[in-house]
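Nothing here was measured: the structure is a model prediction, and the numbers come from that model.
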Amino acid sequence: MGDNNHLLYVVTIHAIFALLHFIVSDAVETLARAGGQQERWQLLRNNTGVVAMHMALTHENTVIIFDQTEAGPSQYRLHQRYNGRRCSTRSRADLKDGACYAHSVEYYIHGNNLRPLRFVSDPWCSSGSFLSNGTLLQVGGHGRGSQRIRYFRPCRDHLCNWQQSKRSLSDNRWYASNLLLPQHDRVIVVGGRNAYSYEFIPKLHTKDRSFNLPFLHDTHDEDGGGNNLYPFLHLSSDGNLFIFANRDSILFNYQRNRVVKTFPRIPGGGSRSYPSSGSSVILPLDHQDRFQKVEVMVCGGAATGAYEAAARGRFLPALSSCGRMVITGNNHIWKMENMPGPRTMHDMLILPTGHILIINGARRGCAGWQNAATPSLRPYLYNPKKSRGQRFTVLKATRIARMYHSSALLLPDGRVLVAGGNPYNTYTFSNVAYPTELRLQAFVPDYMDRQFNDLRPGNVTIEYEGHSSGVAYGTAFTIHFWLGRRPSKDVEYSVYAPPFTTHSISMNQRLLKLRCRHTTRDGGGSMSAVLEAPPSPN
């Protein structure tokens, strides 16, 4: 699977986090025991203009935010349509014309400002992956957008925009998932409403088609809105694909169109996939076992019958349970534990410390228009290394409800960007329980506290030899960084693949703990470290 000579392109990494894990985590835990939680919330902007149904971090330190185009007028009004026709503030028709409003923006992290972007077709409930040159591949959506392929290549001159391919998908992909494969810049797209199949981008031959996947038929709940949409996809260390839908999961050889293994059903009732909308991550992979052990975690979701009950205005308590299962080896058992409370429509993000942040969502109901109530205002922090029963910590609450069509992602500086929320099919701000939410926040974890400033590496640069484009798999490379305080224990180095986030799914997210061959102090707080890249694209 995958050519080991392929490059580990630096632009797809976006950031290498050098972590003084032992020092910082000990200090943070001491503060927590003293009742001094240091995490906090920042309000960055009162208005992003568009709902953050989808978000993706680029290597230019910007975030692409976009909504559906069928929502009508957003809150980012344009002076002219993208075809050049002027938008008049005196024309009642223009004020109602969605083409006179942006439905996608680029957010500049350092300047805290926005610029509008153009969509030709509707990306409502779509999916995405980053290619090796940092281009965002974005596919599917609704209506005429359901088979479209789009690209956004970030730039520094502020002139880049969405480009739509002349080629199309084989099947409609609304509520589908996708994942970057070990083969260079090849992406698999799985599922979608009434799409029980998968396909590849790019197509290698003009006659390439989609492939039937019976697993998606088997996991479909007709009365539950599907409950197998936006399936969880994770690449295993053997190159096979882990697919989780509803309550079931398989290990799939996509090159041979063959199910390699069927895993046990996750215990308990309810469902985990959209519209039940739990979430999932791969726990950090570690160089100590050569990245071979792969453990998947699935948390939350909706109760059995939640979708039908919500249609009648009754919102059932969401699921509180989480399951962890090692998908490599031969012993596959779901190890269950409970979150501090029920949760659906939440995001799960891997923090630089290797801890898992569970943020956003609701305590009752499921995904869909006006299908939920009781927002989950307090994030949970999960430490995978602690003993069961001691892994969860409840963090400081936000005052802003982040429910259906909200998103969150990790920023290069360690903060978490939080945005979106709209349980209506148009922008609705009054006379409703949960109005359309356009405020932009940052959740600032405790490791960002100012007392840790001299333990936080700065001015991180990557040096690589032999290749002009990046680091070869299985080879050594050097990073340089500045540190204000000399570390008294080992420095831990991690590399993070930032995801495309939407509908509680963080596609392609993973964190690897890298082996450090040696560290050198260069003087004046400057340090160098020689690290080993992972052995293969798997």
Side-chain angles (χ1 to χ4, degrees), residues 48-56 58 63-78 80-85 87 94 96-106 114-131 135-155 159-178 187-195 197-203 208-210 229-230 274 369 405 407 420 422 425-427 500-503 505 507:
T48 55
V50 304
V51 171
M53 184 189 296
H54 317 78
M55 289 204 298
T58 80
V63 176
I64 306 304
I65 300 173
F66 59 98
D67 190 15
Q68 57 168 318
T69 62
E70 296 180 29
S74 69
Q75 290 293 293
Y76 199 122
R77 183 164 174 76
L78 304 173
Q80 64 180 23
R81 298 169 176 84
Y82 291 117
N83 63 9
R85 284 180 55 210
C87 292
D94 283 4
K96 295 181 179 181
D97 185 1
C100 285
Y101 298 83
H103 302 284
S104 176
V105 296
E106 185 173 22
L114 305 164
R115 74 178 179 99
L117 301 174
R118 175 192 68 246
F119 266 123
V120 177
S121 58
D122 192 5
W124 179 10
C125 301
S126 52
S127 60
S129 293
F130 280 105
L131 304 180
T135 295
L136 176 61
L137 167 70
Q138 203 279 318
V139 301
H142 185 249
R144 289 186 296 174
S146 62
Q147 293 188 21
R148 304 311 305 183
I149 301 171
R150 312 171 192 88
Y151 297 92
F152 182 87
R153 184 164 187 174
C155 61
L159 297 177
C160 45
N161 218 315
W162 286 103
Q163 302 295 322
Q164 186 161 283
S165 174
K166 294 181 180 179
R167 299 189 177 186
S168 298
L169 298 166
S170 298
D171 295 344
N172 294 340
R173 300 294 175 186
W174 193 27
Y175 301 100
S177 299
N178 77 43
V187 169
I188 188 170
V189 187
V190 180
R193 191 175 294 282
N194 300 318
S197 62
Y198 66 95
E199 60 186 287
F200 299 100
I201 305 171
K203 300 281 192 293
D208 281 358
R209 55 180 177 79
S210 63
L229 304 177
Y230 275 128
Y274 184 93
W369 304 129
H405 287 163
S407 297
N422 189 17
N425 60 0
T426 60
Y427 284 57
F500 176 91
T501 67
T502 186
H503 291 78
I505 311 294
M507 302 176 195

Participant: Using 0.5 Å steps for rounding, measure from the SG atom of Cys125 to the CE atom of Met53.
Facilitator: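 Rounded to the nearest 0.5 Å, the SG-CE separation comes to 5.0 Å.
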Participant: Under 3.5 Å, is there a donor-acceptor pair between the side chain of Ser407 and the main chain of Thr502?
Facilitator: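 Judged by distance alone, no pair lies under 3.5 Å.
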Participant: With no hydrogens and no angle check, do the side chains of His405 and His503 hold a donor and an acceptor under 3.5 Å apart?
Facilitator: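 A pair is found: one side chain offers a donor N or O, the other an acceptor, under 3.5 Å apart.
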Participant: Closest approach of Asp94 and Tyr101, non-hydrogen atoms and distance?
Facilitator: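 Distance-wise, the nearest heavy atoms are O-CE1, 4.0 Å.
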Participant: Which value, rounded to the nearest 0.5 Å, describes the distance between Glu106 atom CD and Asn161 atom CG?
Facilitator: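 The CD atom of Glu106 sits 9.0 Å away from the CG atom of Asn161.
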Participant: Taking only residues two or more places apart in sequence or in another chain, which ones pass side chain to side chain contact (heavy atoms under 4.5 Å, CB included) with Thr48?
Facilitator: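 Per chain and number, Thr48 pairs via side chain to side chain contact (heavy atoms under 4.5 Å, CB included) with Leu438, Leu440.
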Participant: Does the side chain of Asp67 reach to within under 4.5 Å of the side chain of Ser74, using non-hydrogen atoms?
Facilitator: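 No, side chains not in contact.
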Participant: Hey, what do you get for OH (Tyr151) to CG (Leu137), rounding to the nearest 0.5 Å?
Facilitator: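 It comes to 5.0 Å.
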Participant: For a side-chain hydrogen bond (donor to acceptor under 3.5 Å, both in side chains) check, start with the C-alpha distance between His142 and Glu70, then their side-chain angles and the critical distance, and finish with the verdict.
Facilitator: CA-CA 9 Å; His142 185 249; Glu70 296 180 29; 2.7 Å; yes
Participant: Drop me the distance from Phe119's CZ to Gln68's CD, to the nearest 0.5 angstrom.
Facilitator: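 With rounding to 0.5 Å, CZ (Phe119) is 11.5 Å from CD (Gln68).
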Participant: How would you list, by chain and number, every residue that makes a ring-ring contact (aromatic ring centres under 6.0 Å, His included) with Tyr427, sequence neighbours excluded?
Facilitator: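 ring-ring contact (aromatic ring centres under 6.0 Å, His included) list for Tyr427, sorted by chain: empty.
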Participant: From Arg77 CZ over to Cys87 SG, what is the distance, rounded to the nearest 0.5 angstrom?
Facilitator: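 If we round to the nearest 0.5 Å, Arg77:CZ and Cys87:SG are 5.5 Å apart.
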Participant: Quick one: does any side-chain atom of Ser210 pair with a main-chain N or O of Tyr198 as donor and acceptor, under 3.5 Å?
Facilitator: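 Such a contact is absent between Ser210 side chain and Tyr198 backbone.
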Participant: Can you name the closest pair of heavy atoms from Val139 and Arg150 and give their distance?
Facilitator: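 Shortest heavy-atom contact: C-NH1, 4.0 Å.
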Participant: Considering only heavy atoms from C-beta outward, does the side chain of Pro116 approach that of Tyr82 to under 4.5 Å?
Facilitator: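 In contact.
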Participant: Side chains of Ser197 and Arg209: do they bring a donor and an acceptor to under 3.5 Å?
Facilitator: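 No pair is found: no donor N or O on one side chain lies under 3.5 Å from an acceptor on the other.
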Participant: Determine, stepwise, if the pair Leu229 / Arg193 fulfils side chain to side chain contact (heavy atoms under 4.5 Å, CB included).
Facilitator: CA-CA 7 Å; Leu229 304 177; Arg193 191 175 294 282; 3.6 Å; yes
Participant: Could you list the residues that satisfy side chain to side chain contact (heavy atoms under 4.5 Å, CB included) with Ile505, not counting sequence neighbours?
Facilitator: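 So Ile505 forms a side chain to side chain contact (heavy atoms under 4.5 Å, CB included) with Tyr230, Phe232, Met507.
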Participant: To the nearest 0.5 Å, what is the distance between CD1 on Ile65 and OG on Ser104?
Facilitator: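 So the gap between those two atoms works out to 8.5 Å.
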Participant: As a test of understanding, state which of Ile201, Val187, Ile188 forms a side chain to side chain contact (heavy atoms under 4.5 Å, CB included) with Asn178.
Facilitator: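 That would be Val187; it is the only one of Ile201, Val187, Ile188 passing the side chain to side chain contact (heavy atoms under 4.5 Å, CB included) with Asn178.
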Participant: In this structure, are over 12 heavy atoms from other groups packed under 6.0 Å from Arg153 atom CZ?
Facilitator: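 Open: at most 12 neighbouring heavy atoms sit under 6.0 Å from CZ of Arg153.
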Participant: If you count heavy atoms of other groups shown closer than 6.0 angstrom to CZ of Arg118, is the number above 12?
Facilitator: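 Counting other residues, nucleotides and ligands, CZ of Arg118 exceeds 12 neighbours.
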Participant: For Lys96, check side chain to side chain contact (heavy atoms under 4.5 Å, CB included) against everything at least two apart and list the hits.
Facilitator: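 Per chain and number, Lys96 pairs via side chain to side chain contact (heavy atoms under 4.5 Å, CB included) with Arg92.
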Participant: On a heavy-atom basis, which atom in Ala176 and which in Gly191 lie closest, and how many Å separate them?
Facilitator: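 Looks like CB-O, 3.2 Å.
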Participant: If the plane angle is over 60° it's perpendicular, under 30° parallel, otherwise tilted; pick one for Trp124 and Trp174.
Facilitator: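 It falls in the perpendicular class, over 60°.
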Participant: For a quick test of reading the model, state the closest non-hydrogen atom pair linking Phe500 to Ala56 and the distance between them.
Facilitator: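 Reported closest heavy-atom pair: CD1-CB, 4.0 Å.
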Participant: Should Asp122 and Arg148 count as an ion pair when the cut-off is N to O under 4.0 Å?
Facilitator: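 Judged by the 4.0 Å cut-off on N to carboxylate O distance, Asp122 and Arg148 do not form a salt bridge.
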Participant: Does Arg144 offer a backbone N or O that forms a donor-acceptor pair with the side chain of Ser121 under 3.5 Å?
Facilitator: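 Checking the backbone N and O of Arg144 against the side chain of Ser121, no donor-acceptor pair under 3.5 Å is found.
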Participant: Can you list every salt bridge (Lys or Arg N to Asp or Glu O under 4.0 Å) pair that touches residues 162-174, not counting sequence neighbours?
Facilitator: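 Every pair satisfying salt bridge (Lys or Arg N to Asp or Glu O under 4.0 Å) with a residue in residues 162-174: Asp171-Arg173, Arg173-Glu199.
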Participant: Taking all heavy atoms of Pro123 and all of Gln138, pick out the closest pair and write down the distance.
Facilitator: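 That would be CB-OE1, 3.9 Å.
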Participant: Checking Pro154 now: which residues fulfil side chain to side chain contact (heavy atoms under 4.5 Å, CB included) with it, not counting sequence neighbours?
Facilitator: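 Pro154: side chain to side chain contact (heavy atoms under 4.5 Å, CB included) contacts with Thr58, His59, Glu60, Phe152.
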Participant: Looking only at heavy atoms, which two atoms of Tyr76 and Leu114 are closest? And how far apart?
Facilitator: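 Heavy atoms of Tyr76 and Leu114 come nearest at OH-O, 4.2 Å.
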